[in-house]
Structures are given as structure tokens and as C-alpha cells.
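Order of the sequence lines fixes the chain letters, A, B, ..., with proteins taken first and strands second; residue numbering starts at 1 for each chain. As the structure is a prediction and not an experimental result, all values here were calculated from the model.
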Amino acid sequence: MKTRQSTQSLFSVPQQHLFRKDILAWYDRHQRDLPWRANRDPYRIWLSEIMLQQTRVAAVIEHYHEFLRRFPTIEDLAAAREASVLAAWSGLGYYRRARMLHSAAKVIVREHGGKFPMTEKQLQALPGIGRYTAAAIASIAFDEPVAVVDGNVERVLQRLAGRRLASVELWSAANHLLDKKRPGDFNQAMMELGAVQCNPRAPACLTCPVVELCSTRGELAVEAKAARQKQCEIHYALDVRDGEVWLVQRARDASLMAGMWELPEVASMNGVSRPVFTLRHSITVTDYTVRVWQNAVRSRTAGKWIPRGRLERVALTGLARKILRKAEVL
DNA sequence: AATTCGGGGTG
DNA sequence: CACCCAGAATT
């Protein structure tokens with residue numbers, strides 16, 4: 001017999017009410033002033049959610065305004081060329097997000113007449129929108145009572161529960177806890193709590209609004225993760241003449257940052273001459289020591305002279321952007 | 001269920 | 001230096 005509930009609740013009903021009241025009151029008082037909280041325009045909420053996938057708030061804010069300045073409406077975005085969208089995304093990483101954002105914009109304009117889909121189910125059918133993002137947009141922009149589970153919420157729930165929770169349990173617990181009258185605020189409050197109070201390293205339990213309902217209170221064990229960063233040295237040529245820079249384009253079918261622009265890679269001249277400068281950069285699982293050379297021998301790979309004034313509009317890799325900025329070319 | 005995809009802030 | 005960030009798509 002199937003008496004076992006497939007859904008689980010962390011708290012008794014009275015505790016749930018208390019939790020909702022406390023966390024919403026805390027959120028009303030302490031929420032950060034973030035750009036995407038200015039209104040409930042689904043286009044802007046959507047953009048923020050895509051940018052925020054695995055990306056810190058501070059990094060997103062740097063790109064958010066400029067992206068909206070270039071593509072103020074979803075029609076503008078749908079009509080843009082992919083290269084322009086990637087240029088606006090440059091430095092944010094996970095460039096597939098930008099391609100899927102662009103393709104979803106086209107779908108919304110072409111198949112939905114530019115009107116944003118309003119339900120979690122419809123949203124999740126769009127490219128780049130998974131379970132988390134669909135629930136986030138539906139609840140924040142359209143008041144649909146669906147809970148989100150992101151990295152923050154996962155941590156908060158596990159600390160509340162005092163144990164690890166499987167994915168099914170997490171979504172179930174979050175949905176039980178959800179305040180159905182203010183789902184968008186509740187979801188954001190949970191994430192805000194995880195980001196600001198219940199952070200990974202040093203949870204601020206002393207000032208936590210729900211500490212009395214928490215079974216862990218800060219002592220949650222961290223799980224060991226193996227992944228080691230590999231170290232690697234890489235060399236690039238910096239050629240600037242007449243206000244132009246020589247750049248090359250990554251292969252269209254490269255697995256990493258396909259089609260984006262960067263400086264040409266060259267052989268090491270360590271010992272022969274001195275690099276213009278050296279910097280460090282990490283991509284996925286590799287920590288690069290990057291040496292930049294002037295007057296290096298480039299191979300004959302196809303490239304282009306790009307006027308400095310146009311660099312803002314080029315889909316540079318994050319590393320290329322970093323180098324050009326350090327060289328004061330950008 | 002496990003991998004892949006960027007890049008950087010932070011303790 | 002290690003860890004993790006308002007995850008999704010692919011295998």
C-alpha cells in the first residue's frame with residue numbers, strides 16, 4: 001500500500017505559517033536593491049534569471065544594464081544578430097545561455113506574437129528555461145504559486161532539515177513551504193536568505209530571521225569535492241597598429257566559446273624576450289598563466305584587424321577582454 | 001546520473 | 001588555493 005507520502009513537509013502547519021511570516025517580513029525589510037526588482041516586466045525578469053544561472057549577482061549587474069540598453073525589448077533582441085547578442089554577453093561565461101536566450105526570443109516573437117508565456121509549463125518549453133527558471137519567472141512575474149530550488153534554497157532547506165535532501169525532497173519541501181499569496185517574494189526571500197544570511201562558509205545565524213525553526217544552526221557539514229584545477233601556461237600575441245587590433249575567431253564548432261574572438265595564440269618566447277605582461281585566468285577546470293607578447297611570430301591563421309572603437313561590439317572571450325583592458329586597448 | 005559549459009569572488 | 005555561484009542541455 002502506498003501510504004508513504006511522496007511529498008514531504010519540513011514543518012508542522014503552524015511552523016509553516018511562522019516561517020512564511022518571518023522570512024517575508026525579513027525580506028520586506030532587508031532585500032537588496034537589485035535592478036531586476038524595479039518592476040515585473042517578464043522580459044527583464046527573464047533576462048536576469050538567465051544571466052544569474054551559475055553567475056554571481058555582482059557580475060550580472062555589470063552586464064544587465066548595458067544588455068537592456070542594446071536590446072530594450074524582446075522584439076529588439078529577436079531581431080538582433082547572434083554576434084551582437086554574444087558581444088553583449090562577453091565576459092559572463094556559459095555562452096550557450098546567450099544563444100538560447102536569443103533563440104527563445106525569436107520563438108516568443110514569432111509564435112507568441114511577442115507576448116511572454118505566462119505559465120511555468122509554457123515557459124519550460126522555451127530554450128534555456130529549465131525547472132528552476134520557469135518557476136522563477138512564473139512566480140515573480142506572474143504570481144504563479146510554484147516554488148524554486150536553486151543552490152541557495154537547497155542549502156537553506158538542508159540546514160533547516162539538518163540533513164541532505166534528495167532532489168525530489170527539495171522541490172517537495174520548497175513547494176510545501178511556499179507562501180501561495182506571495183510566491184515571487186517568497187522565492188526571492190529564500191534565495192536572498194541563502195545569499196545574505198545562510199551563506200555557504202559562514203552562516204550568520206545570530207541575525208537569522210528563522211533560526212528558531214532551524215535544526216542545524218550553522219554547523220552543517222560541507223561535503224568534500226574532488227575536482228582539482230589543472231595548471232597551464234598559454235601565450236598570446238598583442239598586435240596594435242593604427243588604432244586596430246589583430247584578432248582571430250575561434251572555430252564555429254569548438255566546444256568552448258565557439259565563434260568568439262580572441263588574441264592569436266603564439267609559441268612561448270620565455271627566455272628569448274620578456275612578455276608585455278602576465279596575468280592569471282581560470283576557465284572551467286584549468287588555471288592559466290597567461291603571457292602576452294608584442295612582436296611575436298603569429299602563425300598564418302585567418303584573422304582580422306579590428307578598430308579599437310568597435311571592440312565593444314565584438315563577441316570577445318572573457319580572457320581577450322581582460323587582456324585588452326589590461327593593455328588599455330579597450 | 002554524470003558531464004559539460006566561464007569566470008571570478010571570497011574565506 | 002578551494003569552493004561555489006538565482007542551472008540547463010546533453011549523453
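At distances below 3.5 Å, at least one donor-acceptor pair connects side-chain atoms of Thr216(A) with backbone N or O atoms of Arg159(A).
A donor-acceptor contact closer than 3.5 angstrom links the side chains of Asp150(A) and Asn152(A). Using modelled atom types and a 3.5 Å distance limit, the side chains of Trp293(A) and His235(A) yield a donor-acceptor pair.
Rounded to whole angstrom, the span from the CG atom of Leu52(A) across to the C1' atom of dG7(B) amounts to 15 Å. Taking atom NE2 on His281(A) and atom P on dG7(B), their separation rounds to 4 Å, with Å as the unit. Atoms CD1 (Ile50(A)) and P (dA9(C)) sit 8 Å apart, rounded to a whole Å. Regarding Arg96(A), its CZ atom lies at a distance of 12 Å from the P atom of dT4(B), rounded to whole Å. If you measure from atom CG of Leu126(A) to atom P of dG7(C), you get 19 Å, rounded to the nearest angstrom. Computed from coordinates, the Met100(A) CE to dG6(B) P distance equals 11 Å when rounded to whole Å. Atom-to-atom, CD1 of Ile129(A) to C1' of dA9(C) comes out at 14 Å; the value is rounded to the nearest Å. Rounded to whole angstrom, the span from the CD atom of Gln231(A) across to the C1' atom of dA2(C) amounts to 12 Å.
If you check dG7(B), dC5(B), dA6(C) against the side chain of Glu49(A), the one that comes closest is dA6(C). Listed nucleotides: dG8(B), dA6(C), dT10(C). Nearest to the side chain of Arg32(A): dA6(C). The side chain of Arg97(A) approaches dG6(B) more closely than any other nucleotide in the set dC1(C), dT4(B), dG6(B). The Val57(A) side chain lies nearest to dA6(C) when the options are dC5(C), dA6(C), dC1(C). Out of dG8(B), dA6(C), dC1(C), the shortest distance to the side chain of Asp150(A) is found at dA6(C). Out of dG6(B), dA6(C), dG11(B), the shortest distance to the side chain of Arg201(A) is found at dG11(B). Taking the side chain of Tyr94(A) as heavy atoms from C-beta on, and the options dC5(C), dC5(B), dG7(B), the nearest nucleotide is dC5(B).
The gap from the P atom of dA8(C) to that of dG8(B) amounts to 23 Å, rounded to the nearest Å. Taking atom P on both nucleotides, dG11(B) is separated from dA6(C) by 13 Å, rounded to a whole Å.
The nearest heavy atom of DNA chain B to Asn199(A) and to Leu316(A) marks one nucleotide each, and the one closer to the 5' end goes with Leu316(A). Mapped onto DNA chain C by nearest heavy atom, Met191(A) and Gly128(A) fall at different nucleotides, with Met191(A) at the one closer to the 5' end. Residue whose closest nucleotide on DNA chain C sits further toward the 5' end, between Asn152(A) and Arg280(A): Arg280(A).
The neighbour count for Arg274(A) CZ, taken as heavy atoms of other residues, nucleotides or ligands under 6.0 Å away, does not exceed 12. Within 6.0 Å of CZ in Arg81(A) there are 12 or fewer heavy atoms belonging to other residues, nucleotides or ligands. Within 6.0 Å of CZ on Arg110(A) lie more than 12 heavy atoms contributed by other residues, nucleotides or ligands.
Among the heavy atoms of the strands lying under 4.0 Å from Leu34(A) is at least one base atom, whether or not backbone atoms are also near. At the heavy-atom level, Arg37(A) lies under 4.0 Å from base atoms of the strands shown. Residue contacts for Met257(A): at a heavy-atom cut-off of 4.0 Å it reaches the sugar-phosphate backbone alone, with no base atom in range. Within 4.0 Å (heavy atoms only), Ser48(A) reaches no atom of the nucleic acid at all.
Residue Gln54(A) places at least one side-chain N or O closer than 4.0 Å to OP1 or OP2 of dG7(C). The shortest distance between the side-chain N/O atoms of Thr133(A) and the OP1/OP2 oxygens of dA6(C) is not below 4.0 Å. Using a 4.0 Å cut-off, no side-chain N or O of Tyr288(A) falls inside it from OP1 or OP2 of dG7(B). For dC5(B), neither phosphate oxygen OP1 nor OP2 lies less than 4.0 angstrom from any side-chain nitrogen or oxygen of Gln53(A).
Annotation: cation-pi pair Arg131(A)/Trp171(A) present, NZ/CZ under 6.0 Å from the ring centroid and within 45° of its normal.
Applying the 3.5 Å distance criterion, the base of dG6(B) shares a donor-acceptor pair with the side chain of Thr55(A). Judged by atom type and distance alone, Thr284(A) does not reach the base of dG6(B) through any side-chain donor-acceptor pair under 3.5 Å.
Closest of all the heavy-atom pairs between Ile45(A) and Ala141(A) is CG1-CB, 4.2 Å.
Near DNA chain B, meaning a heavy atom under 4.0 Å away, the residues from residues 83-92 of chain A are Gly91(A), Leu92(A).
Between Ser9(A) and the options His176(A), Gln16(A), Gln15(A), a side chain to side chain donor-acceptor pair (under 3.5 Å) holds for only Gln16(A).
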